Amino acid sequence: KDMAALENVSLPATLTVINGEAFKGCTNLSKINYPASLTSVNTWGCVFNGCSSLKSIPLSPTGLNTFYGSGMEGSGLEVMKLRMKAEEGAVFAGMPNLKHVFIMKTNLKMTADTFKNLACETNFYFYEMTRAEVIKAHGEEWLNNADEKAHFYFKDTMPEGVEIPE
């Protein structure tokens, strides 16, 4: 079904998982509200692929604990704040406008591919952990394999004036 005209979405209070191609091709989608019951976003199915009007999404509700895949290529996302696991694949690949990603330490899992195939220069802020704490918890493979467009900042190296979104 053609959903390109869809602009705003408020998901039902009972929803726990978003899978498949739920919003793929919704070029006018600019706002999405998740319920507290949401626990997983599986983007392997291209959930937000092509959502070029979507500049930010609230990926930090307290219940959301897993964000899988790389199915957000072509989305208009500029800023993300992750409170959950980001795992399996180049999670941030193919997002041409993604400039800032704020990552909390809760449940963070990184693989060698997590920061690969970036479409533009992107800053990643580990604002609750020092570089040493992140490396101790996750090793260095993810850092050594990161795309050259990835820039990493940690609690002990945060640039002045960076505002962490709520």
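Just so you know, these numbers use all the heavy atoms, side chains as well, and skip hydrogens, waters and symmetry mates. Please read these numbers as outputs of a predicted model, since none were measured by experiment.
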Side-chain contact, heavy-atom cut-off 4.5 Å: K149 with C120?
no
Can you find a heavy atom in the side chain of I32 that is under 4.5 Å from one in the side chain of L11?
yes
To the nearest 0.5 Å, how far apart are NZ in K99 and CD in E78?
8.0 Å
Is there a side-chain contact between D156 and E133 (heavy atoms, below 4.5 Å)?
no
Side chain to side chain, M158 and Y127, heavy atoms closer than 4.5 Å
yes
Between F102 and M80, is the side-chain contact (heavy atoms from CB on, under 4.5 Å) condition met? List the steps.
CA-CA 6 Å; F102 296 87; M80 292 178 73; over 6 Å; no
Any side-chain heavy-atom pair from V162 and Y153 closer than 4.5 angstrom?
no
Nearest 0.5 Å, what's the OG-CG distance between S52 and L77?
10.5 Å
Between T122 (side chain) and L98 (backbone), is there a donor-acceptor pair under 3.5 Å?
yes
Would you call K55 and N97 a side-chain contact if the rule is heavy atoms closer than 4.5 Å?
yes
Are any of the side-chain heavy atoms of C26 and F48 separated by less than 4.5 Å?
no
Tightest non-hydrogen contact, residues H100 and Y125, listed as ND1-OH, 3.0 Å
Would I135 and L143 count as a side-chain contact (heavy atoms from CB on, under 4.5 Å) if you check the C-alpha gap in whole Å, the side-chain angles of each, and the deciding distance to 0.1 Å?
CA-CA 9 Å; I135 290 173; L143 187 58; 4.2 Å; yes
Is it the case that the side chain of S37 and the backbone of A13 share a donor-acceptor pair, with hydrogens and angles ignored and the cut-off at 3.5 Å?
yes
Could you give me the CA-CA distance, side-chain angles and deciding distance for V9 and L29, then say whether side-chain contact (heavy atoms from CB on, under 4.5 Å) is met?
CA-CA 8 Å; V9 173; L29 181 63; 3.6 Å; yes
As an exercise, state the distance from CD1 of I103 to CZ of F126, rounded to the nearest 0.5 Å.
4.0 Å
Would the distance check show the side chain of D147 and the main-chain N or O of L118 forming a donor-acceptor pair, the cut-off being under 3.5 Å?
yes
Hey, mind stepping through T27 and C51 against side-chain contact (heavy atoms from CB on, under 4.5 Å) and telling me if it holds?
CA-CA 5 Å; T27 55; C51 296; over 6 Å; no
Assess whether atom NZ of K31 is packed by more than 12 heavy atoms of other residues, nucleotides or ligands within 6.0 Å.
no
Of all the heavy-atom pairs spanning P12 and P35, show the shortest one and how long it is.
O-CG, 3.1 Å
Among all residues two or more places apart in sequence or in another chain, which pass the ring pair (Phe, Tyr, Trp, His ring centres under 6.0 Å) test with F124?
F92, F115, F152
Any donor-acceptor pair under 3.5 Å linking the side chain of N145 with the backbone of D113?
no
Looking only at side-chain N and O atoms, does H151 offer a donor or acceptor that is under 3.5 Å from a partner on E121?
yes
Can you tell if the side chain of V101 reaches within under 4.5 Å of the side chain of N123, non-hydrogen atoms only?
no
